[in-house]
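Take a look at the structure below.
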Amino acid sequence: MLHQPLPVTFYQQPTQDLAKALLGCLLVKESPEGAASGYIVETEAYMGAGDRAAHSFGNRRTKRTEIMFASAGHVYTFMMHTHTLVNVVSGPLNIPEAILIRAIEPCDGLQLIASRRHRVKQAVNRTNGPGKLTEALNITGDDYGRLLTEAPIYISAGFVPDKIESGPRVGIDNTGDARFYPLRYWISGNPYVSKTRKMKNVR
DNA sequence: TAACCGATATACT
DNA sequence: GTATATCGGTTAA
């Protein structure tokens, strides 16, 4: 394997700590065409049953959210319009918490990433959003429920960020006070961090 | 920066 | 059958 996956114990820490610990780590996806990877530079925590913005609010358990109730270290993918988004399942068994990976900085497989996202001219715009990085790394619904400790999709140690910032999450307007929780984390100054789409999200 | 729209799985009635 | 969503790209100003 190109990189050494982190052990499952890495995921067994409080969700907000894990969200910060994931920053700087390397997300790797192997595919028939080759491996592609990128450093995680932005994450968002979703705090399960008590979080209005989480799919698992109120312990809502459906076929889609089922994997959030699994133990930490599983992959939760779901479709949003034409895009796939990817989360890392966090929290102990039956505690449906998760961390959305919002942006990465490309590392391996630059050619693959470029060809998968060839319509986008600027390199920085190829992986600076949750739906973009999944297309760049070829993460799909097939990855739903997989473990992040083994191929073809896993996370390895990367670098330690200089500085981490936090703020309100993105894209969750009609969910009551949950939208103000500072559960979004990013590496300060990194050019691949996604821009907030609307000023009202910043408040 | 704002507005608009694409094009789809999933949940709910 | 209908509503809605952890979004992205394009257009226009």
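Residue numbering restarts at 1 for every chain, and letters A, B, ... go by the order of the sequence lines.
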Using a distance-only test with no angle check, is there a side-chain donor-acceptor pair under 3.5 angstrom linking A/S90 and A/T15?
yes
Are A/S188 and A/E165 close enough that a side-chain donor and a side-chain acceptor fall under 3.5 Å?
yes
Indicate yes or no: at least one non-hydrogen side-chain atom of A/P152 is less than 4.5 angstrom from one of A/K29.
yes
Once Watson-Crick and G-U wobble pairs under 3.5 Å are found, how is DNA chain B written in dot-bracket notation, 5' to 3', with | for any base paired to another strand?
||||||.|||||.
Between the side chains of A/E105 and A/T127, is a donor N or O closer than 3.5 angstrom to an acceptor N or O?
no
Quick one: pull up CD1 in A/I104 and SG in A/C25 and give me the separation to the nearest 0.5 Å.
13.0 Å
Pairwise side-chain contact, A/T140 with A/T134, heavy-atom cut-off 4.5 Å (strictly under):
no
Between A/E135 and A/R116, does any NZ, NE, NH1 or NH2 come within less than 4.0 Å of an OD or OE carboxylate oxygen?
no
Within residues 103-138 of chain A, those residues having any heavy atom closer than 4.0 Å to DNA chain B are none
Would you mind reporting whether A/V86 and A/D143 have side-chain heavy atoms less than 4.5 Å apart?
no
Do we see a donor-acceptor contact under 3.5 Å between the side chains of A/E30 and A/Y154?
yes
Base, sugar-phosphate, or nothing for A/A98, non-hydrogen atoms under 4.0 angstrom?
nothing
Does the cation-pi check pass for A/R169 over A/Y46, that is, NZ or CZ under 6.0 Å from the six-membered ring centre and within 45° of its axis?
yes
Tell me, for nucleotides 6-13 of chain B in 5' to 3' order, what letter each nucleotide earns: B for a base near a protein heavy atom under 4.0 Å, S for only sugar-phosphate near one, - for neither?
BBBSSSS-
